[in-house]
2 protein chains.
Amino acid sequence: MPRPDTAKPGALRRDAERNRERVVRAARELFAERGLSAGFNEVAHRAGVGVGTVYRRFADKDELIRAALEEPLHELIEVAQRAVEASRAWDGLELLLDSITQLLVDNLGLRDVALGGGAWDLGVDEVERVAEVMAALLERAAVEGDLREGVQGDDVVMVLWLVTDLAQHSGQVRPGLHRRYLQVLLDGLRSGPGRAPLVEGFTEEQAQSICRRWAGAP
Amino acid sequence: MPRPDTAKPGALRRDAERNRERVVRAARELFAERGLSAGFNEVAHRAGVGVGTVYRRFADKDELIRAALEEPLHELIEVAQRAVEASRAWDGLELLLDSITQLLVDNLGLRDVALGGGAWDLGVDEVERVAEVMAALLERAAVEGDLREGVQGDDVVMVLWLVTDLAQHSGQVRPGLHRRYLQVLLDGLRSGPGRAPLVEGFTEEQAQSICRRWAGAP
DNA sequence: TGCGAAGCGGATGATGCTCATCCGCTTCGG
DNA sequence: CCGAAGCGGATGAGCATCATCCGCTTCGCA
């Protein structure tokens, strides 16, 4: 539902620009704390601005989300870059997952787009790129014998959901608790003596569908 | 808000009794499928009965919940009884968690009361009893050297939350997927070569608080 | 079989949210 | 100085859920 005066060609008045800035900052904070379900009214309130101002500047939620998540999405890429450099793939994987988890926990909105399986579709190829890095790392880890038999790529996505979901519930009470279970899960995904292969896998379509539900697909 | 004609002393008319039965059955099904958040109207509809009938028979939600969960709660106890009999504590623990998980996944309402940390307080000492069995098993497993260092009792509760939460999101798409991650988590909780002790524990109060939030405390 | 009591259904109003619009007033800046 | 740009937030529409009430039906005793 685009409003007539949204996305102007000319520049904004000085005060309007300042307000826009405030709105983006408020949205970033709010989305980070509570995920993309935060509404326009709330963003406006946190920005110390009328609701009208928010609707005036952003045609729809996607536009606001994109503005609010630009920066965190870049961090995601950087983190991936650092992880591929590890000499042993499993170490890189642990580093990557630890970093991603931290990023997603610190910004639940980012989680919604990164793990949402297109639930909030804005075209984010950053996510694609990170996924590729992860897939490569996984393959290398398998070759190096560190990956438990039967583990598939989407297992990692599920692990991220599990852990970030825990963080969402525990964050206020006991910050950082999620790292404990990330460790447990990763250790369970690693190969080792007496480890039976993982059975009963699942398809990529199933994974995507689950993710969309988890993100609260609109 | 008790209604005047609730909880009668005398017996119900034959048709009324039949309707009550229907309501309890509907509630059991609904709570099982969607957790305790299901409302009276919905229960009534599923029971093929007017809303009034439900309100007439049950003073409040607690009363309905108790009626609907009586049977599943007994199953919980039985399962615990079977688990203590295992010769090796870890095996009993695996059996117990597998069974409990299945029970809670098949009945999300049961999960809400069992893991809710008193969020839906009805006095359910069944849960207490199962907790005791689990604690004993955990202690024995530690003595037998199967438990990873640093694991504490409430870790198991968190694992149950994680796994049942996954089940709630994936159940429709890929039933049984939760067992995969239960296995991974349990393997991660077991002692083994190269397993660093778990660090950064948490208190019982924190665990309880997290559980209440997770259950959507009212 | 008749009849009073018991039970029934579901429309309904209360309540509480979120969303998005509109218009009288304020502020900017040429 | 003044017209355009921008602002705020009250507001009403839309949507859930909850719990009540009352005209009608059904039961089961006598």
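Order of the sequence lines fixes the chain letters, A, B, ..., with proteins taken first and strands second; residue numbering starts at 1 for each chain. For the numbers below, each heavy atom of this structure counts, side chains included, while hydrogens, waters and symmetry mates do not.
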Side chains of A:Asp187 and B:Arg148: closer than 4.5 Å at any heavy-atom pair?
yes
Check whether any side-chain heavy atom of B:Trp214 lies under 4.5 Å from a side-chain heavy atom of B:Leu115, and answer yes or no.
no
Can you give the donor-acceptor pairs under 3.5 Å from side chains of residues 67-85 of chain A to other protein atoms, not counting sequence neighbours?
none

N/O (side chain, B:Arg56) to phosphate O (OP1/OP2, D:dT20) under 4.0 Å
no
Residue-level proximity of residues 20-42 of chain B to DNA chain C when a heavy atom falls under 4.0 Å
none
Protein-nucleotide distance (A:Lys61, atom NZ; C:dT18, atom P), rounded to Å:
11 Å
If you compare every side-chain N and O of B:Asn19 against the phosphate oxygens of C:dC8 (OP1, OP2), does one of them come in below 4.0 Å?
yes
How long is the line joining NE2 of B:His45 and C1' of C:dA11, in whole Å?
15 Å
For A:Glu63 and C:dA20, give me the distance from atom CD to atom P, rounded to whole Å.
14 Å
Is it the case that A:Arg34 and A:Gln168 place a side-chain donor and acceptor less than 3.5 Å from each other?
no
Residues passing the side-chain contact (heavy atoms from CB on, under 4.5 Å) test with A:Leu97, sequence neighbours excluded, are A:Met134, A:Val156, A:Leu160, A:Leu186
So which heavy atom on A:Ala26 is nearest to which on A:Arg46, and how close?
CB-CG, 3.4 Å
Listing time: all N or O pairs from protein to nucleotides 25-30 of chain C that are below 3.5 Å?
from, atom 1, to, atom 2, distance (Å)
C:dT27, O2, A:Arg13, NH1, 3.4
C:dT27, O2, A:Arg13, NH2, 3.3
C:dC28, O4', A:Arg13, NH2, 3.3
C:dG29, OP1, A:Arg14, N, 2.9
C:dG29, OP1, A:Arg14, NH1, 3.1
C:dG29, OP2, A:Arg14, NH1, 2.9

For A:Glu205, check side-chain hydrogen bond (donor to acceptor under 3.5 Å, both in side chains) against everything at least two apart and list the hits.
none
Using the side-chain hydrogen bond (donor to acceptor under 3.5 Å, both in side chains) criterion, which residues pair with A:Gln183? Sequence neighbours excluded.
none
